[in-house]
Amino acid sequence: MTTTIEEPEVRATLPRLNEPAPAFDAVTTHGALKLADFEGSWLILFSHPADFTPVCTTEFIAFAEIYPELQKRGTELLGLSIDGLSAHIAWVRNIEEKAGVKIQFPIIADLDRKVAAAYGMVQPGESTTEASRCVFVIDPKGILRAMIYYPLSTGRNMDEIVRLIDALQTADEHNVATPANWHPGDKVLIGAPRTTEQAEERVGEKGLECIDWYLCKKSL
Ligand code: BEZ
């Protein structure tokens, strides 16, 4: 069965990779914050459907657990849902009281949905009133570098979020790419040759582990 979305105003417009992340000026649990406040840091902007819901609560506890690891990587966290400030404040207090976990990062209260709309967080096929489980990785220059969209029913994998930051930072620092299931310490991929001459040179190049001329790994 196909779903017809009638309301064009709630149709999701997605931002694009490697373009400036949409600017915002938001009300948060840590006061007013804008995208420019995060310039110079990596930023993970993530959305959740609603406060005081089961999957979201497990995710918040898990985000709080990886926050120190992210900070070691120069990365800040910023949550968002289409809930008000009072709900956010009550929820983080409840998480601390019931689960003993302090939520140290800010959460946007996006009641007017301005940030959610700019980032295509509301996916009307799923819900017209809640944001989906989105993750946006924004680099220190404000460029959107990665997006992950998860459905309402699936809690996100925090190891993957930390791994994604490690992979992006490694790619930037060493001008390489990372293979499937890469983790820090594993070999990285070097770019495929662009000419037949480069392909010839690549075969037999010292320090490389090649499956063939187009797929070569090296240690960092
Ligand atoms: C949850 O966090 O449990 C949830 C929130 C919205 C829709 C479905 C599940």
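First listed ligand is number 1; within each ligand, the first listed atom is number 1. The figures here come from the full heavy-atom set of this structure, side chains too, leaving out hydrogens, waters and symmetry mates.
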Do Asp83 and Phe52 have side chains that approach each other closer than 4.5 Å (heavy atoms only, starting at C-beta)?
no
Would you mind listing which atoms of ligand 1 come within a distance below 4.0 Å of any non-hydrogen atom of Cys56?
1 (C), 2 (O)
Do any N/O atoms on Pro49 end up under 3.5 angstrom from N/O atoms on ligand 1?
no
To the nearest 0.1 Å, how far is atom 4 (C) of ligand 1 from its closest protein heavy atom, and which atom is that?
Arg133 NH2, 3.5 Å
I'd like the name of whichever of Thr129, Thr58, Thr53, Val55 reaches closest to atom 5 (C) of ligand 1 through any heavy atom.
Thr53
Regarding Asp166 and His183, do their side chains bring together a donor and an acceptor under 3.5 Å, going by distance alone?
no
So the atoms of ligand 1 within less than 4.0 Å of a heavy atom of Glu130 turn out to be 6 (C)
Non-hydrogen atom of Glu126 closer than 4.0 Å to ligand 1
no
Side chain Ser132, main chain Cys134, donor-acceptor under 3.5 Å:
no
How close do Trp213 and Arg202 get, heavy atom to heavy atom, and via which atoms?
O-CG, 3.5 Å
For Glu19, does the CD atom have more than 12 heavy-atom neighbours from other residues, nucleotides or ligands under 6.0 Å away?
yes
Under the salt bridge (Lys or Arg N to Asp or Glu O under 4.0 Å) test, residues paired with Lys102 that sit two or more places apart
Glu96
Under 3.5 Å: N/O of Leu152 near N/O of ligand 1
no
